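Shown next, in structure tokens, is the structure this report addresses.
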There are 2 protein chains.
Amino acid sequence: MAANSRFAIAVHTLGVLAFVGDKPVSSGLIAKSVGTNPVVIRRIMRKLVKHGLVEVRMGTGGGSRLTKPPSEISLAAIYESLEEEDVFEVPALGEDHCCPIGRSVRPVLEEVLAAAQNEMRAYLGKISLENVMDSVNAAIVVGKSR
Amino acid sequence: MAANSRFAIAVHTLGVLAFVGDKPVSSGLIAKSVGTNPVVIRRIMRKLVKHGLVEVRMGTGGGSRLTKPPSEISLAAIYESLEEEDVFEVPALGEDHCCPIGRSVRPVLEEVLAAAQNEMRAYLGKISLENVMDSVNAAIVVGKSR
DNA sequence: TGAAAGTGTAATCGAACCAGTTACATACTA
DNA sequence: TAGTATGTAACTGGTTCGATTACACTTTCA
């Protein structure tokens with residue numbers, strides 16, 4: 001995964017859908033709320049549809065809608081849907097590499113780094129879209145919107 | 001932080017230093033073990049020096065050396081030393097943004113994502129360079145180096 | 001039935017980032 | 001002083017990514 005705004009955009013997008021409720025929302029409208037281009041939203045939406053978080057209707061009055069209540073959508077599910085690369089990358093070395101350390105470090109590192117990322121994912125699994133939106137709504141009501 | 005091999009390179013580099021022990025190791029030699037260019041190693045080394053993990057001597061017979069035993073160097077310390085950007089980025093929106101959700105989502109997201117990254121860091125804090133090298137050495141002895 | 005409002009998708013552009021490399025100044029040792 | 005190192009700047013090529021444009025396709029509704 002690159003230094004990446006896609007995850008934030010995805011959560012924001014689903015947040016808008018959750019906020020609006022049952023009515024389909026167009027990618028153009030979401031793009032305005034997120035501050036980007038409709039195509040960017042649709043690119044992300046494609047993956048969310050593929051993973052069953054969202055359904056899309058084409059044509060007039062169409063747009064996107066959540067397939068389940070926000071309480072049943074965890075941030076981990078959103079993260080997984082985006083199919084990002086790993087945060088860390090362990091460069092390959094070639095099998096005939098001279099240094100024994102070089103050859104052995106790689107699998108060890110991969111294991112450790114994967115475990116570290118799993119910790120992060122586990123945390124995201126504990127937070128639902130509903131949790132996020134509760135905080136957002138609270139901020140709106142209190143007027144802390146800046 | 002970008003999809004990033006620097007962290008892996010840094011751990012690998014310090015692993016070589018730990019393996020060699022007290023004798024200074026040149027960036028050229030490390031670069032060969034890591035499979036990259038000496039300048040890349042020196043760029044990373046600069047930061048490790050800045051954070052006190054490593055000391056460097058110039059001139060003939062010079063090179064780098066750990067400043068403390070591997071058991072006292074955690075992966076989290078290495079990670080911090082690299083001063084990478086955050087894994088996630090929450091795009092800025094401008095204060096006069098029209099959508100109230102857009103304005104309020106940002107701080108909430110930032111908080112959640114920071115917490116997620118802290119989980120990862122906490123895990124890295126529990127693992128020392130010595131732990132990693134123990135696994136590496138075990139792999140070498142057993143001959144599982146591929 | 002046809003216009004309008006949507007999405008799907010490909011292609012292109014420019015900016016940013018990064019590893020690799022070269023080159024050279026500087027520092028240290030023998 | 002010669003040789004071995006690091007420090008650092010500069011350039012390059014590849015990759016990624018968001019933004020944008022363009023166009024085909026789908027659906028609704030008047």
Side-chain angles (χ1 to χ4, degrees), chain A residues 1-10 12-13 16-17 20 23-50 53-65 67 82-94, chain B residues 1-10 12-13 16-17 20 23-50 53-65 67 82-94:
Chain A
M1 180 178 58
N4 206 317
S5 59
R6 278 190 298 270
F7 182 56
I9 294 178
H12 190 152
T13 294
V16 172
L17 298 189
V20 170
K23 210 179 59 176
V25 184
S26 76
S27 63
L29 197 64
I30 297 172
K32 246 180 209 147
S33 171
V34 175
T36 183
N37 193 285
V39 175
V40 174
I41 299 297
R42 292 205 285 260
R43 277 202 276 247
I44 290 176
M45 203 68 88
R46 198 191 309 175
K47 297 187 176 172
L48 298 176
V49 169
K50 181 176 164 193
L53 265 50
V54 150
E55 58 185 9
V56 172
R57 244 181 38 211
M58 295 181 83
T60 304
S64 314
R65 212 163 38 164
T67 57
L82 298 181
E83 301 168 342
E84 300 287 355
E85 281 175 23
D86 287 338
V87 174
F88 304 109
E89 179 193 339
V90 185
L93 276 180
Chain B
M1 181 179 58
N4 204 320
S5 59
R6 278 191 298 270
F7 183 57
I9 294 178
H12 189 153
T13 295
V16 172
L17 298 188
V20 170
K23 207 179 60 175
V25 185
S26 77
S27 62
L29 196 65
I30 297 171
K32 244 177 211 149
S33 171
V34 176
T36 181
N37 192 284
V39 175
V40 174
I41 298 297
R42 292 205 284 263
R43 278 203 275 247
I44 290 176
M45 203 67 87
R46 199 191 309 176
K47 297 188 176 173
L48 299 177
V49 169
K50 181 178 163 191
L53 266 50
V54 151
E55 59 186 9
V56 171
R57 247 178 37 208
M58 294 180 83
T60 304
S64 314
R65 211 163 39 165
T67 57
L82 298 182
E83 301 167 343
E84 301 287 356
E85 280 174 24
D86 287 339
V87 174
F88 304 109
E89 179 193 338
V90 185
L93 277 178

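All values below were derived from every heavy atom in this structure, side-chain atoms included, with hydrogens, water molecules and symmetry-related copies excluded. If you're wondering where the values come from, they're calculated on a predicted model, not measured in any experiment. Numbered from 1 within each chain, the chains take letters A, B, ... in sequence-line order.
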- Heavy-atom pair of closest approach, residues Arg6(A) and Ile44(A): O-CD1, 3.9 Å
- Query: Mapping Ile9(A) and Met58(A) onto DNA chain D by nearest heavy atom, which one lands closer to the 5' end?
  - Reply: Ile9(A)
- Tell whether Arg43(A) reaches the base of dG8(C) with its side chain through a donor-acceptor pair below 3.5 angstrom. no
- Message: Looking at the base of dA5(D), is there any donor atom on it, or on the side chain of Ser26(B), that sits under 3.5 Å from an acceptor on the other one?
- Response: no
- How close or far is atom C1' of dG8(C) from atom NZ of Lys50(A), stated in whole angstroms? 15 Å
- Task: Figure out the CD/C1' separation between Glu85(A) and dT15(D), and round it to whole Å.
- Result: 10 Å
- Nearest nucleotide by nearest heavy atom, which residue falls closer to the 5' end of DNA chain C, Gly61(A) or Met45(A)? Gly61(A)
- Item | Side chain of Arg57(B) - closest among dT8(D), dG18(D), dT29(C) | dT29(C)
- Can you give the dot-bracket line for DNA chain C, where a pair is Watson-Crick or G-U wobble with both atom distances under 3.5 Å, crossing pairs use [ ], and | marks a partner on another strand? ||||||||||||||||||||||||||||||
- Query: Looking at dA22(D), dG18(D), dG8(C), which one has an atom nearest to any side-chain atom of Val39(A)?
  - Reply: dA22(D)
- Whole-Å distance between dG20(C) P and Lys32(B) NZ? 15 Å
- Query: Could you give the NZ-to-P distance, from Lys47(B) to dT6(D), as a whole number of Å?
  - Reply: 18 Å
- Message: From C-beta outward on Thr60(B), which listed nucleotide comes closest to its side chain: dA19(C), dT29(C), dA5(C)?
- Response: dT29(C)
- The reported gap from OG in Ser33(A) to CD1 in Ile41(A) (rounded to nearest 0.5 angstrom) is 8.5 Å
- Interatomic distance, Asn37(B) CG vs dC11(D) P [rounded to whole Å]: 18 Å
- Query: Taking CZ from Arg42(B) and P from dT22(C), how many angstroms apart are they, rounded to a whole number?
  - Reply: 13 Å
- Task: Take the protein atom CD1 of Ile44(B) and the nucleotide atom C1' of dG7(D), then report the distance between them rounded to whole Å.
- Result: 15 Å
- Note on the structure: Here the pair of heavy atoms bringing Pro91(A) nearest to Ala8(B) is CD-CB, 3.9 Å
- dC18(C) phosphate, OP1 or OP2: any side-chain N/O from Ser5(B) under 4.0 angstrom? no
- Start with the C-alpha gap between Leu17(B) and Ile30(B), add the side-chain angles, then the distance that decides, and say whether side-chain contact (heavy atoms from CB on, under 4.5 Å) holds. CA-CA 8 Å; Leu17(B) 298 188; Ile30(B) 297 171; 3.8 Å; yes
- Task: Report yes if a side-chain nitrogen or oxygen of Ser27(B) is closer than 4.0 Å to either non-bridging phosphate oxygen (OP1 or OP2) of dT6(D); otherwise report no.
- Result: yes
- Item | Polar side-chain atom of Thr67(B) near backbone of Leu53(B) as donor-acceptor pair, under 3.5 Å | yes
- Message: Side chain of Arg6(A), heavy atoms from C-beta onward: which of dT9(C), dC17(D), dC18(C) has the nearest atom to it?
- Response: dC17(D)
- Query: Do you know which two heavy atoms are closest between Leu29(B) and Val25(B), and how far apart they sit?
  - Reply: CD2-CG1, 3.8 Å
- Message: Return the CE to OG1 distance between Met58(A) and Thr60(A), rounded to the nearest 0.5 Å.
- Response: 11.0 Å
- Message: Rounded to whole Å, how long is the line connecting atom CD1 of Ile30(A) with atom P of dA5(C)?
- Response: 18 Å
- Message: Could you walk me through whether Ser64(B) and Val56(B) satisfy the side-chain contact (heavy atoms from CB on, under 4.5 Å) test, starting with their C-alpha distance in whole Å, then the side-chain angles of each, then the deciding distance to 0.1 Å, before giving a yes or no?
- Response: CA-CA 4 Å; Ser64(B) 314; Val56(B) 171; 3.8 Å; yes
